[in-house]
Amino acid sequence: MPFFILRRCLQAVNVLVVMSLLVFAGVYAIGSPLDLLVDPQATTEDLARAAAALGLDQPVWVQYGRFLSRALGGDLGDSFIHGSPAIGLILARLPATLELAVVAMLIAVGLGVPLGLWAGLHPDTVGGRTIMAGSIVGFSLPTFWVGLMLIMVFSVQLGWLPAGGRGPTTELFGLPLSVLSVEGWRHLILPATNLALFKLALIIRLTRSGTREALQQDYVRFARAKGLSTGRVVGVHVLKNILIPVVTVVGMEFGSLVAFSVVTESIFAWPGMGKLLLDSITQLDRPVVLAYLLLIVLLYIVINLVVDLVYALLDPRVGRGGSGR
Amino acid sequence: MSAADQAAVMRDHPLRRWIRAYADSRLALAGLGLLVLIVAAAIAAPWLAPQNPYDLMQLDMLDGRLPPGSVSGDGELRYLLGTDAQGRDMLSAILYGLRISVVVGVAATLLALLVGMTLGLVAGYFGGRFDALLMRVVDIQLAFPSILTAMILLALFGQGIDKIIIALVASQWAYYARTTRSVAMVEADKAYIEAARLLGLSTLRIVFRHLLPNCLPPLMVVAALQVAAAIALEATLSFLGLGLPVTEPSLGLLIANGFQYLYSGRYWISLFPGLALLLTLLALNLVADQLRDVLNPRLRKS
């Protein structure tokens with residue numbers, strides 16, 4: 001077991017190094033930020049001086065080496081546009097994005113598991129079919145368009161909720177949060193619902209097929225034969241067994257939720273790091289793009305690692321197996 | 001073999017069985033019908049559309065932002081779905097936009113299928129070091145959200161139809177590679193491949209004539225799902241201003257154009273292109289769903 005953990009951690013570090021190289025090479029090739037930053041009337045000498053100041057006159061591999069050695073010390077470079085450390089800019093916006101993603105995931109799980117369970121228990125009823133049809137529609141809904149429609153209905157037509165922004169936040173342990181005030185919820189609920197829709201459809205399907213499979217298993221039949229109430233059979237025996245895949249998917253999909261918040265944040269003007277990324281791409285603010293991508297990669301690797309380790313704990317065969325996936 | 005026997009074999013031809021199984025679900029048939037209609041509309045857009053929305057001679061700025069059902073200033077045209085800020089008929093713009101969205105989605109899917117399938121076949125049939133390396137790359141690629149891969153590539157290359165197709169292929173080939181590889185590995189161990197080897201057929205012939213056709217059914221399911229994903233991703237990227245340029249207005253760009261008018265209650269500029277996009281994705285997902293059930297007998301029993 002300790003050997004398995006060690007090997008997975010080493011793999012994670014490997015992936016991080018490879019990704020940092022790829023991401024750096026990729027981001028390096030995005031236009032020259034000098035054209036944007038320097039006054040168009042600047043002389044060649046001015047340009048050279050600006051390039052030297054930003055370290056852009058060095059060969060790529062020197063830039064990467066510098067970047068890597070500084071990155072190990074937690075410094076991912078200064079933003080070309082804002083002049084402050086890129087990692088600081090991103091970390092300042094991280095709580096807003098994480099809060100949005102966590103609330104969206106809670107909505108998806110909180111609605112998806114009961115609906116999927118119901119659809120799995122009653123597959124041939126009107127309700128079960130409606131839930132399944134709804135989940136197909138949910139898969140097909142373009143997230144960004146749903147965002148616009150939510151604004152149109154709830155902000156423009158009905159005037160119930162604000163169309164964008166985060167509104168006032170309440171501090172908790174130094175973190176600015178929206179979930180602690182009514183006004184915060186009013187700003188949060190539309191973007192969170194928007195972000196949750198796709199995952200909701202996914203969790204409904206997963207829960208439904210898991211339920212249908214579990215119902216055919218011997219342990220469920222035995223539990224029924226023993227005369228246990230339906231509530232107990234479903235609540236304990238079925239639910240326990242479908243929760244394992246659901247928890248896995250929640251873990252794996254959380255990273256993609258953070259990535260897709262780029263779209264939701266730009267529609268609802270939510271001040272998170274996705275909006276920062278989009279702005280930085282259009283402004284060729286290389287260090288911020290780089291820092292964002294590395295942070296996402298790190299998030300992915302940590303999530304994958306945790307999911308794998310939890311799996312190894314739940315299923316002893318994984319840790320001992322030769323392939324070690 | 002008598003004629004009756006042959007007829008019996010024909011009746012049980014896999015293709016017929018599949019068609020019968022597909023027709024089991026009326027919802028799936030409706031999805032297929034809708035898909036055919038949408039593709040036909042996309043192909044016939046120049047003949048169906050009441051006006052050419054990108055011929056400036058046909059546009060009248062005075063007809064700008066008219067609600068659905070309005071009649072044009074010169075009384076010649078009825079704007080069934082309203083007009084945008086430039087006085088462009090939304091119905092025509094949607095038909096033309098659908099055309100671009102479908103072309104980009106299908107082209108990207110076919111290319112990604114070609115790349116992923118070839119790599120997956122080679123990895124699955126030969127195994128070894130290439131297989132190990134390819135699967136590492138696939139793992140890394142699939143762990144990374146497709147929208148980020150595509151965003152970074154588009155930021156690199158700039159806008160354009162060819163560039164967005166490259167970005168979509170780059171973010172989707174891995175799905176095909178992984179599926180093909182896993183199926184090819186199972187198929188490569190079967191007796192018919194061994195028989196083909198014993199017959200002394202060339203490797204190229206074995207892989208493409210015998211192995212490939214047997215790997216196709218699961219790939220068709222993945223492809224149907226991925227066309228929908230490609231069209232949705234292109235629309236999202238174009239909406240964010242990273243995908244297609246303004247000169248190639250796909251559905252995503254049309255929706256983006258209407259965003260600013262939403263706040264003043266001019267809903268139709270964003271609503272209708274979005275509905276067209278939704279119907280396209282819905283039709284594709286319905287077809288893919290049924291294909292998965294039909295082509296995967298193990299799943300059908302449960």
Side-chain angles (χ1 to χ4, degrees), chain A residues 11 14-15 18-19 22-23 26-31 129 132-133 136-137 139-149 151-153 155-157 163 198 205 209 212-213 216 252-253 255-260 262-263 266-267 277-278 280-282 284 289 292-293 296-297 300-301 303-304 325, chain B residues 27 31 135-137 139-140 142-149 151-158 225 228-229 231-233 235-242 251-252 255-256 258-259 262-267 269-271 273-286 288-289 299 302:
Chain A
Q11 271 178 14
N14 264 341
V15 173
V18 172
M19 287 305 288
L22 282 179
V23 165
V27 175
Y28 181 84
I30 303 179
R129 282 171 192 273
M132 274 320 278
I136 293 187
V137 175
F139 263 122
S140 309
L141 282 170
T143 305
F144 68 100
W145 180 71
V146 175
L148 300 195
M149 293 303 116
I151 291 180
M152 187 186 92
V153 174
S155 305
V156 179
Q157 307 285 343
F198 195 82
R205 303 199 123 201
S209 63
R212 294 196 64 185
E213 229 164 75
Q216 294 177 349
M252 307 293 274
E253 295 289 321
S256 100
L257 211 53
V258 171
F260 265 92
V262 174
V263 182
S266 84
I267 293 169
L277 172 73
L278 206 60
S280 302
I281 286 181
T282 43
L284 302 184
V289 175
Y292 175 90
L293 288 176
I296 287 275
V297 171
Y300 261 87
I301 289 174
I303 290 173
N304 272 319
R325 241 231 49 95
Chain B
L27 196 61
M135 282 307 114
R136 281 321 322 233
V137 178
D139 277 348
I140 293 178
L142 289 185
F144 212 58
S146 52
I147 190 167
L148 279 185
T149 315
M151 270 173 75
I152 296 311
L153 287 177
L154 286 170
L156 268 170
F157 299 143
L225 283 172
I231 290 178
L233 193 53
T236 307
L237 292 165
S238 297
F239 172 80
L240 292 176
L242 298 169
L251 293 175
I255 296 170
F259 190 12
L262 213 59
Y263 297 106
S264 51
R266 299 194 176 87
Y267 62 89
I269 312 180
S270 277
L271 176 69
L275 280 179
L277 184 60
L278 170 61
L279 286 179
T280 311
L281 299 178
L282 191 61
L284 280 166
N285 282 334
L286 283 174
D289 237 37
L299 243 162
S302 64

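Every chain is numbered from 1, with letters handed out A, B, ... down the list of sequences.
Annotation: side-chain contact (heavy atoms from CB on, under 4.5 Å) contacts of B/L275 (sequence neighbours excluded): A/W145, B/L271, B/F272, B/L278. Checked against side chain to side chain donor-acceptor pair (under 3.5 Å), A/S209 has no partners two or more places apart in sequence or in another chain.
Of all the listed residues (A/V258, A/I267, A/T143), the one sharing the greatest number of non-hydrogen pairs under 4.5 Å with chain B is A/I267. Annotation: maximal heavy-atom pairing with chain A below 4.5 Å, among B/A229, B/A235, B/A232, occurs at B/A235. Chain B forms the most heavy-atom pairs under 4.5 Å with one residue out of A/L141, A/L148, A/I136, A/V137, and that residue is A/L148.
Only the side chain of A/I151 comes within contact range of chain B, with at least one heavy atom under 4.5 Å from a heavy atom of that chain. For B/A228, no part lies under 4.5 angstrom from a heavy atom of chain A. For chain A, the nearby parts of B/I255 are the backbone and the side chain; heavy atoms of each come within less than 4.5 Å. Neither the backbone nor the side chain of A/R129 comes within contact range of chain B; no heavy atom of the residue lies under 4.5 Å from a heavy atom of that chain.
Between the side chain of A/S155 and the main chain of A/M152, no donor-acceptor pair closer than 3.5 Å is present.
Using a 4.5 Å heavy-atom cutoff, the side chains of A/I281 and B/L154 are not in contact. Residues A/F144 and B/L277 meet the side-chain proximity criterion, which asks for heavy atoms closer than 4.5 Å.
Closest approach of B/G31 and B/A283 over heavy atoms only: O-CB, 3.6 Å.
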